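Only one structure is covered here, and it is reproduced in the block below.
Because the structure is predicted, anything quoted here is derived from the model rather than measured. One is the number of the first residue; the rest follow in order along the sequence.
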Amino acid sequence: MKMMRKMMMSGLMLLMLQVSWAKIDSTKYLQPTQSHMKEARIIIQILDYLHYRDVDLNDSLSSVIFDNYLEALDGNKNYFLASDIKSFEKYRFSLDDDLKRGNLVPAFYIFNIYKNRVESRLKYALANTGYKFDFSKNEIFHFDRSDMPYAKTEAELDELWRKTLKNQALNLKLSGSDNAKIAEVLKTRYERFKSNVEKYNSNDVFEIFMNSVTESFDPHTNYYTPLNAEDFEMQSKKSLEGIGATLQQDNDYTKIVELRPGGPAFLSGQVNKDDRVVGVAQGADGEMIDVIGWRSDEVAGQIRGPKGTLVRLELLPAGASPGAETKVVSLVRDKINLDDARAKSQVVQLTENGEKFTLGIITVPDFYLNADEMADNPDNYTSTTNDVKRLIKELQAEGVDGVMLDLRNNGGGALFEAINLSGLFIPEGPVVQVKYPQNRKEVMDDENPELFYDGPLNVMINRFSASASEIFAGAIQDYKRGVIVGEQSYGKGTVQNVRGLNDFIRGAEDEELGLIKFTIAKFYRVTGSSTQHRGVTPDIEFPSLYSAEDFGESSQPSALPWDKIEAANYKPMNYVNDAMIAALKRQHQKRLKEEQTLVDLQFDIQELQKNRKRTEVSLNYEVRKKEQEDLDKRRASQVKIGASLTELEANKVKDRSLDDIKDPYLKESIRLLADQIQAAKRKG
């Protein structure tokens, strides 16, 4: 009876939508295609039968999809009216049934209302870009409206957008622009924004909505339209010329969602995941073009270019509020290929407590494997493990006292390589466990009984070390083989499969359909603990700019939960014990209070975290100018004593002394390795 009522309501809604759509210009509203309806049904069946998460597409999930969709369209509540949201509520518990039938009319109806509202706001903005604002007034602009109510009237939206324009104008004024330049920049920005909105097509709507569906299952399950599927496959082949960054639309911004190991952005040490691109300039002297409001594919088009050419990016740092200070990074475009992402080494010399040390640092940006070379020559092929073996031999020839592996920003890669690399440092035995649907489990072993390297070892991770990095770091920690230092890792303990939708339809070879990436399994450490959600907690934790609540898997509402299975049969090596860790913690805590670079680092982090918590800014010129001057003074005082967060030099590989290293994280990790060697000697 309940199902019948839902079907009757759904049919009634279709009639209502047809009437409601009559109020919108029929030449402008977007409608689903037959291919979209077919793809929707296929995607729902894939999620139902093949996704790891055993969850029914029912009223409860329909409500999540509904909220995801509104968040994707207007997460900051700048466009919809409260009355719009109220009118949409009738779809909250019916999207599940609509999707099963391939009915996308409600989703497209909501989008067309959204598009109409955006066009209305842009009309208002363009009419007021030349307005001369009074910056002497003490007004406040709430830039983060995610927890605020939707505007009730058009007049409320007008007031919100007046302050939005005023804040943008004030940012330009603070950067040195006069009234004429401010008006010109804002006019160009919103004309471009308007042009982009007019380019929205039905594929865009379908992709946004279907990702609201797929991401209700988990954050790593995604749909790609045929056009974006081509781009996804090109990136997977590591063959693009550019800066090595994957971009994604984030409301009015274009956000960096992935850095390619070996790419110019990754190697610069100045570009981070979740930074937002607000400007792009060509060459050393080209004009910085404002790209707020541009489509992400158009921003990507500005950034990409021939190998060897220079592009400058103006970035709003990850987590920073709109209106916060931006940074400009110059990058030379290059071809992204496997060789650029290969492991590299350096030798560092230092004196700690009167004892001289020569230490080897190996940076591992990716877990890579050349399958073609492996097939042709199984004994000699390009891989993370083979490269690290070669580098360790070279470091041993130089007489290093210990080795550190730097896995910061390593987002994973080949599982096979995570297991093989672990096998260089532990005896044969289990490295990782994998659990599939229906509770099917697999223990994956290192089968080599020999230790390739049995000396002192530590591993540095950060918040963006994920997947295979977490498997390796977790194995080293669980076997008590080495010390893990740095920040809590990302917490991605899931396995994905990528399939073309054409694979699921007979006789559809000539029809161009999209791709789906979906989760099929979970990773577990040899202790039985999942790496999902919690990641790997270092033995020695460093001050971190990125909290688990805001960055990483645990910040995603639909993330699969942490859980535990039975431990594998493994035997800890006990190269590391609680007493050693306690001693290292004491030395680390002492340096946090006494070492100037670490004191400066903590200061910078506190400043950025403080700014990150802000949800509003003053629209008074003198107040904002003083805030900026105070920040500049504090930054100047930091620069003369040590490195700031924007000056990190990790991944610049050369032999040097400890004093030459400005990266405070790398420097402290090296000192901890020296402390570890001394602690092991005392134990012996």
Aromatic ring centroids of [X] and [Y] under 6.0 Å?
X	Y	value
His588	Phe542	yes
Tyr52	Tyr436	no
Phe217	His51	yes

With a 4.5 Å limit on heavy-atom distance, are the side chains of [X] and [Y] in contact?
X	Y	value
Val364	Val388	yes
Val495	Phe523	yes
Ile476	Phe425	yes

Checking [Y] against [X]: is there a side-chain donor and acceptor pair closer than 3.5 Å?
X	Y	result
Tyr368	Asp387	yes
Glu553	Ser555	no
Asp218	Thr221	yes
Asn420	Asp446	no

ask   = If you count the non-hydrogen atoms of other residues, nucleotides and ligands that lie under 6.0 Å from NZ in Lys441, is the total more than 12?
value =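 Yes, enclosed.
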
Asn377 CG: over 12 foreign heavy atoms closer than 6.0 Å:
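Count over threshold, so yes.
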
Assess whether a salt bridge exists between [X] and [Y], defined as any Lys/Arg side-chain N lying under 4.0 Å from an Asp/Glu carboxylate O.
X	Y	value
Asp675	Arg591	yes
Asp275	Lys327	yes
Asp563	Lys522	yes

Give me the atom names and distance for the closest heavy-atom approach of Gln532 to Pro561.
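Looks like CG-O, 3.7 Å.
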
- Message: I need the minimum non-hydrogen distance between Leu405 and Val403, along with the two atoms involved.
- Response: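 Reported closest heavy-atom pair: CD1-CG1, 3.7 Å.
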
message = If the condition is side chain to side chain donor-acceptor pair (under 3.5 Å), which residues does Arg671 pass it with, not counting sequence neighbours?
response =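 Applying side chain to side chain donor-acceptor pair (under 3.5 Å) to Arg671 gives Glu352, Glu595.
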
- By side chain to side chain donor-acceptor pair (under 3.5 Å), which residues pair with Glu314, not counting sequence neighbours?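 Residues passing side chain to side chain donor-acceptor pair (under 3.5 Å) with Glu314: Thr326.
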
Once you measure the plane-to-plane angle for Phe367 and Phe472, does it fall in the parallel (<30°), tilted (30-60°) or perpendicular (>60°) bin?
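If you compare the ring of Phe367 with that of Phe472, the planes turn out tilted.
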
Show me, pair by pair, the donor-acceptor contacts under 3.5 angstrom made by side chains of residues 427-435, not counting sequence neighbours?
from, atom 1, to, atom 2, distance (Å)
Gln433, NE2, Arg525, O, 3.0
Gln433, NE2, Glu566, O, 3.4

